[in-house]
Structures are given as C-alpha cells and as structure tokens.
Amino acid sequence: MLHHPQPHTFQLEVTINGELVQREIPTHLRLLDFLREDLGLTGSKEVCGEGECGACTIILNGQTVNSCLILAVEVHGAFIVTIEGLADTQELTEMQKSFEDHHAVQCGYCIPGMVLTGEKLLDRHPHPTRDEIKYELSGNICRCTGYHKIIDAIQRAADDRG
Amino acid sequence: MQFYQPTSMREFIELSSSLSDEFATFLAGGTDLLPRYERGQAMPDHLIDLKKLSDLYHINIKDDVIQIGALTSIQVIQEKPLFQSEFMALHMAAHDFAGAQIRHRGTIGGNIVNASPAGDLLPALYAFGAVLTLIGPDGERQLPIQDFVLGPGKTALKQNEILVTINLERTPYKSTFHKVGLRQSMAISVANLAFVYSEKNGVFDYLKIAAGAVAPTIVTLDKLTSTILDNTSTPEDWPLLIEADISPIDDIRATAKYRKQVVNNLVQAFLRRELTV
Amino acid sequence: MTDLKMGQISRRDFIKLSSGSTVALLLGFSINRCESRTQIDEFSFEPNIYVRIGSDDTITIVMPRSEMGQKVYTALPMILAEELEADWNKVRVVQGDFNPVFGSQTTGGSASIRTHYNRLREAGATARMMLVLAAATKWGTPPDNCYASEGYVHLKGTRKKLSYGSLAALAENVEIPEQVILKDPKDFKIIGRSIKSLDTAYKVDGSLDFGYDLTLPGMLTAVIKRIPTFDGSVVDYDDSKTMEVPGVEAVVQVSSGVAVVAKDTWSAIQGRKALDVTFDGGPSAHLNSTDIREKMLNALKHSGEVLRNDGNINVAQKKANKSLELLFEVPYLDHAPQEPNNCTAHFYDGLCEIWAPTQNPGASFEAAKSITSFEDSKIILHTLRMGGAFGRRLAADYTVDAVELARHFSDPVKVVRTREEDIQHGTYRPATVHLLKAGIGENNEALYWKHTVSGPQVGWHGTITGGAPDLAYAIPNVNVDVVMSPFPVPTGPFRSVAHTQNGFVNECGIDALARLAGQDPYAYRRELLRDSPRHIGVLDLVAEKSGWGKDLEPGHARGIAVHYSFRSYCAMVAEISQEKSGKFRVHRMTAAIDCGQVINPDGVWAQVEGGIVMGLTAALHGKITLENGRVLQSNFHNYPILRMDEMPVIDIHIIKSEEPPTGVGEPPVPPTPPALINAIAALTGEYITRLPING
C-alpha cells in the first residue's frame, strides 16, 4: 500500500537565465516540470524521464544535467541556464547558428539538449575531435538524424569561436 | 513531503535522530531515485538532501589511504589525475559511466548505496578492497564494501545512517576495467569486470578480479585468482574456475549463457595477454 | 503548359477565400509563439488555398501536410515559391488546420512532395500569372512584355518593376487563368538548392512549440493508468488516495484506462501512482512472444493467399541444381519518436477544439466525430508540430484519450504519456516470419523463388507483404504467398511499413543465392536487374562510391542491398568488422538513391541518413517482447536507440534526375538491415536471419 505524504511547500529562490525567480512550490515538484509548466520554459523537453536521452538538459551551476532527475527544491540558490537563456540577447549563439547553418536539425525535439551539451563541451575541449564530441554527447539521443551534422555543427561552432 | 538540507554533519545527526521514527529518504545525486518517483515508488514523508554537506565532497590522502567523500561526482572521479595514476580501473569505470549529464550529477556514494548488481563503479571498488565509513545516530563505523552490499538494492545501512567516505588503500598495482553493454555507451552493463594486478615475467604476484552483473552482488573470482597465484591451475581449468564464482541470470538485456560467455572471454583475454599464454 | 481542368489541381482549390473566419481557420497556427497569428487586417491577395500575398510583400504559404522532422515545411513552400518567382526571404509558412479543401492531409507513404509537386507548382504559377497580368494592366501593355522574378514583375527592356505586394490589390481582380504555364526545370532557382529550413531558428532556441509544449489558459494535464493488456478492461478502481494528492482535480475512467486529471504533469503522475485499479487482463492476458512465434511458424505449413505466381514453382524446384532454404524472423517494433504521444482538447460553446501533433488529422477528426456525434462544423482540429512520428502518429489513439476526457471538463485538457506508456501502448510494426526457398539451375542461373510471409492478421495484407510480390529480379519462377493469424497486438505502419521485413528477406535471399551460385553479389544482382535501369543506376553508383571489390582493412567486410519502395530506388553498402567480444561494428554505410527530381538536396540527405539509422537501430537492437500480454520493454535503457558513438561513417549519393519526385523518407530503411547482414555473411559465411542481431 502506497503511503502519500501531506503537501508541503518550499520558498524557492533560484537564478534562471540571469533573473532571480522566487516561487512557492510543492516540495515534490520535479525541476523539469517547474521549468516547463511554472515558468513556461518549454525548450527543455520531456522524453524519457530517466536520464537516458538528454532532451531535458539544462546548465546547472555551470554543468549540464538532466532536469528530469532533479527536484525543484534541490536547486535553491543555484544558477540555471536553459536553452531560452543561452543567448544573452535576441541573437543566437555561435553554436545555435551553427546548428542552423549546417542542417543539424530534423524534428528538433532533441536539439535544445544537443545545443546546450555542445556549448558546455567547448569549455572542456575548445577544438574537439569527432571522438571527443561523440563521447561527451553520448547521453543525448536523436531519433531522426544520424548525428553527423550535429557533430559537424559543433566543430564549426568551435572554429567560429576561434 | 518535508524537505531538509542540513548544512553540517552535526545538523544532519540531530535531524536524523529527530526523525528516527519516520519514513525518511536520503538524496544524493538523485539520478537513480528520481525515475522511481515517476514510476511506482511513492515519495517519502521526509526527504533529506545531503548535497549541502560540504565534508562529503572532500578527497583526502591520509597516510596510505585515499578518503573519497561520498558525494564526489562520477565526473570528478573520471577527471582527477590521482585516480588515473593509481586507481586506473576506477577511472575507467567512471569514464564509461553513462552520459555527461549523469556523470555530473551522479555520485560514488549513490552508486554504492544503490547496490545494483550492475553498478559500474562497484567491481573496481571491490577489487581495490574499499572500506566504507558510515555515520548515523549511533556514531561512526567502518565496513569493507563486500560486507556493506547485501544483495540487489540491499545494504547494511541502519536506519538514518549514511555512507560518508570511501577509503582506498594506495597500491602499487596496475588495474584495468572492462564493460560490456548492449551498446558502446550509456548501456546498463551486461557484465563488467575490474582487474587489479601485479605481474613480472609472465607471473602474477598479485591478482584480484571482480565481476559485476553476473550475480546478485559483485563477486570476486577468488577460486580462479588463488589457483593462478599459487600456480595450481592451467588455462584449461579457467572456464570452470570462473564459472564457479558467478551465477548470472537471464534478463531483458542478456541471457545467463551470454553473460558467462562474456565474462569468460574477457577474463581469459586479460590473462592470456598478461601471461602471454 | 497544363490545363487546369486536366491538371492535378482542381478548380475547387482556386476558390478565392474571403477574409474572416475561413481564412483564420485555414491559416491555423503560426510556427512559434514569438510570431503572433498572422495579421489579417492588412490587405492580401489570395489566389488559392495555398498562398497569400500580403501588401507588405510577405508570401504566406499554407502547409497542407504535417511536419515531423522530414522538412516538408521547407520543401513544399520551395515548390510553390519556385513557380511564383517569389523572393525566398519573404516566404512564411503556417500550418494548415484540418480542412477538406486540402484533400487528404495524411502525411505518410513518403508522398507529400510526390502528391503536391504538380499541385503546388500550378498554384504558384497561377499566382505568378495573375500578378503579371495585374502589372501589365497597370502599365497598359500586353502581359508578354512583362516577366516575374524574385518578388517583382518587371517591364521588359526598362528598369520598371512592381513588387508583388504592391500588385496584390490589383491581382485580386484578375481572372484566374484557364491555362497555367509552368517553368522549364532548367530555369529552377529554388528547387534543387539546399535551402536552410524555415523553422530551424525556432528549434535551436527552444521557442518552437511541439504538442507536448502546448499551454492554454486554465489547461489541465492528465495521465492515464492504462489497461496493461491489449484486450483487457477496468474492473474497478479506488481513487481515494489519488484525490488526496496535491494538485489532483479529478479521476475519470476512459476507454484506455483510468485518467488522473491535475493542475500539472508531475501532480498527475503522483496521483496515478496512488491510484488503485483492478484490471481484467482479457483473453490475451497470457500472451507471450514465444506463443506468437510458434503460431506464425505453424502457419507457414499451410498454404496462404497467393500474391504472385510466375512460371511453375513445383517443376522448377525439381529441376534446380542447388537450392537454399532460409527462415527469416523479425520482432514487433515500436516507433519511439522522441516526443511521447499527446493531445489536447477543449469543449466550449458546443464546440470541440483539438490540438493534435498528428500525421493524420483526418483520422483524429473522425475519431472525435464518432465520440462526440458533433457535426463537422463543430469540431476544429489544429495539427501541431511533432517531435518525430515515423508512422506512429497515423493512429488516433491519443486524440481519443483527449476527447473522451476533455468532454467532462469546461477547461482544456492535455493528455500526455510518459515514455513507458508510449513504448508499452504502441501501434507496433508487426512481427513476421518468412520462409524463403530459392534455387539455381545448371548454369548457376536463378531459377526459382518461393517466399511465404506469415504474420498477424492486419486490415490489409499489404502492411505485412509490401515489397514481397514485387521482387524486381528476373527469375522465371516466382511464387509469393501470405498466411495470416489473428493476434490482439495493435499494429500500424512503421517507417517503410512491410518493406522493413520484405526488403530484408529479398535482399538477404538474393545475396545467399549469389553465394550459392559462387558469384559476386553486386554482379549477380546487376544481371538479374538488367531490365530496370534505375535499379542499376543506384547499384552502380553505390558500388563505385563504396569501392566495391576493392581491398579492405583486414577483418572488414562489405555487404550490398538494393530495394525499390515508395516509387524510389535505394541501394546500400555496409562495411563491418567483428570485435573480440563477438559484437559487430558498423564502420561505413554508403547509400545511393534515385528519387526523381530533388527539391532540397539537404532534405534528401537528412532523410537518407535518418533512414539508415532507423534501419541500423532495428537490425542491431530493435525488439518488442510480449510477456503475459504486456510489453516488456519500457524505455531507452531496454529499447535502445543508436547513439552518437555507435554511428558509422555515412556517405550518401543522390542520382540527378528530372523524373517526377518520389519518396525519400522511407526508401532508405529497407536496404539497410540486409546490407549489414550481407556484410556479416561475407565475413562469417552465415546469414543472421533472426533480428535483432544483438537480441
């Protein structure tokens, strides 16, 4: 017999895409749902709910993580960047432009996760080899493409960054 | 659900003592816990997030022991040169561990406490003879990892006790790790193996092999390694000696037969390469 | 020149639309939330249902089909814009809602470009001619003195030009021409170019809304505790614990199970965990994959419906010098698109409004009609963006969930699925078994081919036999038949449908026959395809580009396959090796495709690449297993999708052609698994005839 706890709320403060967000949230709320439904940041996608696919990837305190594997309460005081906040201005980042220019996108559902993971990859490997990209992005599934143009796009973005 | 984030061990002890009669769960990286909350498992009344316990992130060297804080992420294990130079099998297991997002969030302590037969860090920790430090309302104690993991998902943790440190004795030995999954990466292991060894002129003077995903807990292939070390077995005996210590099952990923075959192939390939048999 | 009465486009398509509700309905959704719905207050010229030319020069093209990653969102507008002589930078696209004026809106069968090529060319050319006439009238000169180019009508021999926008009001009064003059393909400026997709910018910044992302004011979100078996039922349920879960609003029984309706997704999921439902497993509660397999194997012993019978198979079998017999088996497969199925419905003012990410708005519309008994005019169906589909979204089960549930509420209700539900409640690619007997004569010539397909009873046998009777090889005695057995497992078209199975059987079979004859598999195919130049075209190209016959790294081997489906020809060469653990590694896939006139080469490249990956995933890993009437697989950890580090090098070559455009999405899938299996056979001498390889 399942036991169901009483509702509890939490006063969450978190910086998302450069803005301080203060919300009272249920303690059991998942971060992905908080982003998508409370804040309308639907660029983080629900796909597998178990960390297999990377479609819900966000940048949490500078590292890519799966937002489906985190409770919203866990990010109290943290700094988060989602795909919507990746580019500071209206302009796209080099990585985003590169994905567009190099035809790396088909249905596009996995792409926010790919872009964010690619973006952070360049911090670690400014000029990544194809194998380094494959290793760092193996937590991101795409069901449409064969990944090659995604790899191309990341390499070109690295070149564009210089 | 009541959510707690203790910021010191003292606060943690007080909290866990005060909740001694309650249904509380501890949260580390959450990479294994959260999917359960989407599926069958009810969320607990009390969830204690350990991530603000800064002591649990330290990696210290004390005498000849490396003390790894339980919240050390898989990524840190993979990146820190110390592991690459002295505990290669652990480094390799961390390297092959899921995808980047999980490596950033998942912790060594979480991987141990989950006690999955296929947990990827476990064979290396068994092969290195890891000793675990636990802290709970009754104080601190130490257990060798093989006495800590009791079965799939079962550990010797008492109520409101947590794993705080993983202690590894520094060794002069070489080590390596092999994982076989359905795919190259991100796959739950069909079998994984850690080897810690020392070899001179085609003779082992130290050999420890631990295998995962082929029994309810990680097993060390002691029947095989002891007979190799005291030179009482020949390569023809190896398959039976290997199989004596493992008891794989059929599951959705692989058959028991396939798992036996994989372990046999990998262990024999290792031995033959090192001994140039 | 095409007579409109004779052309594919009917006069009905050219009805001028008045502004107001009809237009709003047709224009449907703009592609992302940053662009508000297209303004209608400005004047626009609407020569037909597919295009609107605004006085501000914008060209708005209405998408009659669904976009799921196959890039028709860009390719179809390119066709129209080409004939319109539009300035591509001024082209916008909006998704057309479900509307009978578009004819079939089913996006399947790799047919969107094929069926819209002439229609959209004519629609664009008609609009262009009307704009030219409008300009000619304004300048008081015969239309022959004018020509259209990149959004302007020019007066020949002068620098005078008028933009389309400035001509919109005038063009409105021009008679629709009776005859339409199409451009010579040699003059194409847009068709044939790798133009960037019109919607990618909205995909890379996360602003494009897919069905799962839809938010409406007051919207509720629901998940369903689904009947776990295929023909089971709900006996009883206790929702007392569920109703205590914060955020849960209601629990409602629907035909697929018991729905938990909440303020948000996570609360609905928590409520569902607390829901206590007693199910009756139904007649198939004990169904297992092994039973299905046994029944299909038994069925092979019976004679089935004959689909093709050339020559005399019995005589040929006796005459054969050498024969082979191969038993092929493929499992059920789930489509597993990235975006789990979902649908939103809202009942208000006697209307039912539906937002469905669907390949088949017609089926969803009919489903809603049958549930509600509403008149057609009371149902509004918007087609939303899909995160992949691959045939899964041809069904309407997700719409049924939403409509059945939303009718109990005054607020909109979105029904979502978790990955587990999506994999375990699919419309699966049928499992089939195939018995192939084939033989060669005294001079090693192919003599007979007998292929029996055994599979589940499906609506139309073509969904398990497609590609089997139309074997292209010149073999004098061919017999193909099918036996069907009833199983309660829901099935549906999977990318390339039955060609996934029969391409595998045909191409491994012919390869084995070539080896039996001691001949090179490429040369053997070529000889037996001597009367089909387009088959030979792709075979020769793939052989050349893959270096067929040339030396390989030690331990590597190549395999070849060619298959015709969805009116296109696709050939594939796989290069593989075997690792120490016994696993096979795919190093390179070389493909050649002949799909007629190419609209957007990048789009073709992408579809071929994607088709190869889908074929490899199926061949290496894909398997849905039934145990006690339930699907055993649940998520990507046990239903693996190929990842980046497993990808081979992919090398794609497209035949240059001015033949009418044909399918691209599906044709690359069928030759992929057999090319791989044939490469393994070249290495090991054994054909793996039971998929998946790693299963």
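Letters A, B, ... mirror the listed sequences (proteins, then strands); counts begin at 1.
With a threshold of 4.5 angstrom between heavy atoms, A:Asp38 does not approach chain C through any atom at all. Both the backbone and the side chain of C:Ala336 come within contact range of chain A, with heavy atoms under 4.5 Å apart. With a 4.5 Å cut-off on non-hydrogen atoms, C:Asn635 touches chain A through its backbone and its side chain both. Only the side chain of C:Val613 comes within contact range of chain A, with at least one heavy atom under 4.5 Å from a heavy atom of that chain. Proximity to chain C involves both the backbone and the side chain of A:Arg143, based on heavy atoms less than 4.5 angstrom apart. Both the backbone and the side chain of A:Leu29 come within less than 4.5 Å of a heavy atom of chain C. Heavy atoms closer than 4.5 Å to chain C are found in the side chain of A:Glu37, but not in its backbone. Using a 4.5 Å cut-off between heavy atoms, A:Met114 contacts chain C through its side chain alone, with no backbone atom that close. Neither the backbone nor the side chain of A:His102 comes within contact range of chain C; no heavy atoms are under 4.5 Å apart.
Residues C:Pro340 and A:Val47 come closest through the heavy atom pair CG-O, 3.8 Å. Of all non-hydrogen atoms in C:Phe636 and A:Cys48, the two that sit nearest each other are CD1-CB, 3.8 Å.
Most heavy-atom pairs under 4.5 Å with chain C, from the set A:Met95, A:Arg130, A:Gln96, A:His103: that is A:His103. Interface check for chain C: of the options A:Asp101, A:Asp131, A:Leu86, A:Val115, the most heavy-atom pairs under 4.5 Å are formed by A:Asp101.
Residue-level contacts of residues 145-155 of chain A with chain C, in order of numbering, are A:Thr145, A:Gly146, A:Tyr147, A:His148, A:Lys149, A:Ile150, A:Ile151; threshold 4.5 Å between heavy atoms. Residues of residues 603-612 of chain C that come closer than 4.5 Å to chain A, counting heavy atoms only, are C:Trp605, C:Ala606, C:Gln607, C:Glu609, C:Gly610, ordered by residue number.
Judged as a ring pair (Phe, Tyr, Trp, His ring centres under 6.0 Å), and not counting sequence neighbours, the contacts of C:His587 are C:His556. By the ring pair (Phe, Tyr, Trp, His ring centres under 6.0 Å) test, A:His76 pairs with A:Phe10, sequence neighbours left out.
The environment of A:Gln11 atom CD is dense: over 12 non-hydrogen atoms of other residues, nucleotides or ligands sit within 6.0 angstrom.
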**Request:** Test side chain to side chain donor-acceptor pair (under 3.5 Å) on C:Gln270 and A:His28 and set out the steps.
**Result:** CA-CA 9 Å; C:Gln270 297 308 311; A:His28 71 234; over 6 Å; no
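Between A:Glu52 and C:Arg643, at least one side-chain N (NZ, or NE/NH1/NH2) sits under 4.0 Å from a carboxylate O, which counts as a salt bridge.
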